[in-house]
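Here is the structure we will look at.
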Amino acid sequence: MNRTLITSALPYINGVKHLGNLIGSQLPSDVYARFCRAKGHEVMFICATDEHGTPAELAAAKAGKNVADYCMEMHDVQFELARGFRLSFDHFGRSSSEQNHLLTQYFAGKLAENGLIEEISEKQVYSNTDKRYLPDRYIEGECPNCGSPDARGDQCENCTKQLEPTDLINPRSAISGSTDLEVRETKHLYLKQSKMREKLDNWIKQKSDWPILTTSIAKKWLHDGDGLQDRGITRDLDWGVPVKKGAVDWGGMEGKVFYVWFDAPIEYIAATAEWAAKNNKPKEEWERWWRTDKGAENVNYVQFMGKDNVPFHTLSFPATIMGADDNWKLVDFIKSFNYLNYDGGQFSTSKGRGVFMNQALDILPSDYWRWWLLSNVPESSDSEFTWDSFQQGVNKDLADVLGNFVSRITKFCRSKFGEIIPEGNEYGPREFTVINQLEERIASYENNMAKMEVRKSAADLRAIWSIGNEYLQDAAPWTLFKEDPQSSATIVRFALNLIPLYAALSEPFIPDATDTMVTAMNVDKLWPENISNSLTLLKAGHKFSVPEVMFAKITDEAREEMNEKFSGKK
RNA sequence: GGGCCUGUAGCUCAGUUGGUUAGAGCAGAGCGCUCAUAACGCUUUGGUCGCAGGUUCGAGUCCUGCCGGGCCUACCA
């Protein structure tokens, strides 16, 4: 049996994510996971909240909560939203879990053992008022280059010059505005990625089938300037995984934690361990996904992420895995995405611009969002959400093409034959032609799905739905009924049989609609392995019911209202 | 500044290793149908493929330059 391990980039903990975050990894990974399951793969689909780092601490402080409580609450919020969007994770973990603490410390220990960790003493800015070290971008001041008063410690946004925090004139804390800052000497661990450069380079070179977006970013980091740089993997923070060498304390590293980007990818593994613990499964059950010496050698591991995550998944995390040199599973394929913009600009949490996951579900059910987002996923370049496009895509594809097909044939049958599959004759040439068309399109659909070509898959699916309307129009059972009800019944039986087929094929994109169709037709969901056979599943005499309108249309008034509401006036 | 991606019909996008009349969906126009969520089907109008050179028997596809859009540039994650 095919075994597929799928991970989605971890959403950060500091708030509800917007639609751009959703379509950037979670949603496409869910489509792929559902497809693999439907094709009979054994699937492990993992996601988690990424809970460490300065922004989490600040968000908690702002909410007036201690960071552990805050993260627990936000994890629950994100978990519920994931359910709301029907994301079918086998486990949605937390990077703050005990499992991740242990594994992160284990990996650090292994890397140290293998000579890949270096202790470096460096100077960091400390804020006495905030009682914390400040990351470069949390220090603001006047730009020495252009004089902008709001330059950040890593870069001036006004003149784009790269800066060091000590370059700033009159530096202040971005958190409190305090100028009571001092430079302190502090020791940190660095992952010697530079030593792994050749190995990583050779590995990336083999991946000619990966998206260009993925490999070009990796190559840039490998070859730019002096090549791949070592990376600090510890921070002076309270909240995080305490720095340890495996199970033992790390001298000189007291009070420090691992950098969020070191522990976050390890959470993919740890979350699988969380899954095992939660389901009372032994250690072997998660190790067979992650240890090539314990069953993972035949696992196909696919990662999904936005382009901002690519360097960490193509270089840092593989450096950790390779560097540990202990039979851990490396990723086989990285599917990366561009950004979704909102109506001519970026989504913005601070400006209240764009649609966030909770708001989206308040407006319309998840299928609407899933369909539009997936059929417009930023695959080859950045793409853009507009209410106009959303209304048009949803109304046309879901309401008119699919929803109306289901509606017209079930209602026609009910009025002429009742809510029961009529018998009629054997299928004839017209039906065989349609079967051929379906076979062709479904083959294309499956091929594109297997390649994770999401947009093309959506286009195929839509074309498959459309075949039903073309058939009905051509066969016109309503005309035939007047003189030859028997032949009309054949057409109705065939058309009704399309509904379970559509239900199964549509499930990766619009799972709720699949449930509606399956329930209405009173059948089990079954991925078609043989199209001809699958269109004879509903036999004469089988009872069904006419479903409620599957997709109500978005009105012009509603569109205008939403457009106004989310434009981010303030 | 450097690097990467991108520019194909009004809009959103496909265009395989360069090969005959450049495709799809939406929008527009016309016709048809009346089972259906004023839905559906058929036909059809739109493109000197950003611009200028070059390579080639042949370029949307390769090369060079220019113009426009986007992203990344390592302490946000």
Side-chain angles (χ1 to χ4, degrees), chain A residues 9-14 21 50-56 58 122 124-125 133-139 152-155 160-162 164-165 174 188 193 211-213 215-217 219-221 223-225 228-232 235 259-261 264 306-312 315-316 338-339 341 346 375-376 378-384 386 388-389 392-393 395-416 453 455-456 458-459 462-463 466 468-479 481 488 491-492 495 546 548-553:
Chain A
L10 309 185
Y12 196 64
I13 195 70
N14 68 340
N21 297 126
D50 178 12
E51 305 192 357
H52 299 137
T54 307
L58 297 180
E122 57 189 15
Q124 284 281 307
V125 174
Y133 283 91
L134 299 176
D136 291 358
R137 69 169 48 202
Y138 283 96
I139 303 158
R152 288 190 324 220
D154 56 342
Q155 184 175 43
T160 73
K161 186 175 168 60
Q162 307 234 355
E164 292 296 318
H188 281 295
Q193 297 186 139
I212 284 178
L213 184 64
T215 50
S216 67
I217 292 172
K219 285 174 182 167
K220 156 82 168 156
W221 281 53
H223 301 295
D224 191 40
L228 189 61
Q229 302 296 297
D230 296 340
R231 179 176 276 273
R235 291 290 183 273
Y259 177 39
V260 53
W261 258 115
K307 57 186 167 188
D308 51 334
N309 278 327
V310 168
F312 302 99
L315 303 168
S316 304
N338 288 283
Y339 292 144
N341 291 318
Q346 296 197 331
S375 54
N376 292 280
E379 220 160 18
S380 56
S381 61
D382 290 354
S383 65
E384 179 163 307
T386 63
D388 202 48
S389 170
Q392 204 170 76
N395 285 358
K396 197 72 203 169
D397 300 344
L398 296 182
D400 295 346
V401 176
L402 176 62
N404 186 52
F405 170 76
V406 172
S407 182
R408 67 194 295 206
I409 187 57
T410 52
K411 285 179 179 168
F412 180 73
C413 182
R414 179 172 65 185
S415 74
K416 304 300 182 198
E453 293 278 0
R455 267 185 193 242
K456 287 179 182 172
R462 198 200 117 101
S466 199
N469 283 315
E470 290 164 26
Y471 169 74
L472 275 187
Q473 201 63 35
D474 182 48
W478 44 87
T479 306
F481 184 78
S488 177
I491 295 161
V492 171
V546 173
E548 298 293 309
V549 165
M550 288 171 59
F551 299 99
K553 292 203 195 186

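Quick note on labels: first sequence line is chain A, next is B, and so on, each numbered from 1. Below, each value reflects all heavy atoms present in this structure, side chains not excepted, and no hydrogens, waters or symmetry copies.
Nearer the 5' end of RNA chain B, as judged by each residue's closest nucleotide, is the contact made by A:A476, out of A:A264 and A:A476. Toward the 5′ end of RNA chain B lies the nearest nucleotide of A:A399, the other residue of the pair A:A399 and A:D474 mapping further downstream.
Ranking B:rA77, B:rC71, B:rC13 by closeness to the A:S380 side chain, first place goes to B:rC13. In this structure, the nucleotide among B:rC40, B:rC5, B:rA77 sitting nearest to the side chain of A:Y259 is B:rA77. Ranking B:rC75, B:rA77, B:rU73 by closeness to the A:R235 side chain, first place goes to B:rC75. Comparing atom distances between the A:K456 side chain and each of B:rU37, B:rA77, B:rG15 picks out B:rG15 as nearest. Distance from the side chain of A:F551 is smallest to B:rU37 among B:rU37, B:rA77, B:rG41. With B:rA77, B:rG32, B:rU37 as the choices, the nucleotide that has an atom nearest any side-chain atom of A:S407 turns out to be B:rU37.
Side-chain N/O atoms of A:K220 include none lying less than 4.0 angstrom from OP1 or OP2 on B:rA74. Of the side-chain N and O atoms in A:T386, none sit less than 4.0 angstrom from OP1 or OP2 of B:rU12. Residue A:K396 places at least one side-chain N or O closer than 4.0 Å to OP1 or OP2 of B:rC40. Residue A:R455 has no polar side-chain atom (N or O) positioned under 4.0 Å from OP1 or OP2 of B:rU12. For B:rC75, the OP1/OP2 oxygens have a side-chain nitrogen or oxygen of A:R231 closer than 4.0 Å. Between A:S466 and B:rG41, a side-chain N or O to OP1/OP2 separation shorter than 4.0 Å is present.
B:rG1 and B:rU73 make up a base pair, with Watson-Crick or G-U wobble contacts both under 3.5 Å. The partner of B:rC62 is B:rG54, by the rule that a Watson-Crick or G-U pair needs both atom distances under 3.5 Å. Both distances falling under 3.5 Å, in either a Watson-Crick or a G-U wobble arrangement, occur for no nucleotide opposite B:rA22.
Within the nucleic acid shown, A:S389 has no heavy atom closer than 4.0 Å to any nucleic acid atom. Contacts of A:D308 with the nucleic acid, taken as non-hydrogen atoms under 4.0 Å apart, include base atoms.
In this structure a side-chain-to-backbone donor-acceptor pair under 3.5 Å is present from A:Q193 to A:Q229. The backbone N or O of A:A264 sits nowhere less than 3.5 Å from a side-chain atom of A:D50 that would complete a donor-acceptor pair.
In this structure, A:E384 atom CD and B:rC11 atom P are separated by 13 Å, rounded to whole Å.
Within 3.5 Å, a donor on the side chain of A:E122 pairs with an acceptor on the base of B:rC75, or the reverse. With hydrogens and angles left out, the side chain of A:Q392 and the base of B:rC11 share no donor-acceptor pair within 3.5 Å.
Under the 90° criterion around 0 for the glycosidic angle, B:rG53 counts as anti.
By the stacking rule of 5.5 Å between ring centres and under 30° between planes, A:W478 stacks on the base of B:rC35.
A:K553 and A:N395 share no donor-acceptor pair across their side chains, judged by distance under 3.5 Å alone.
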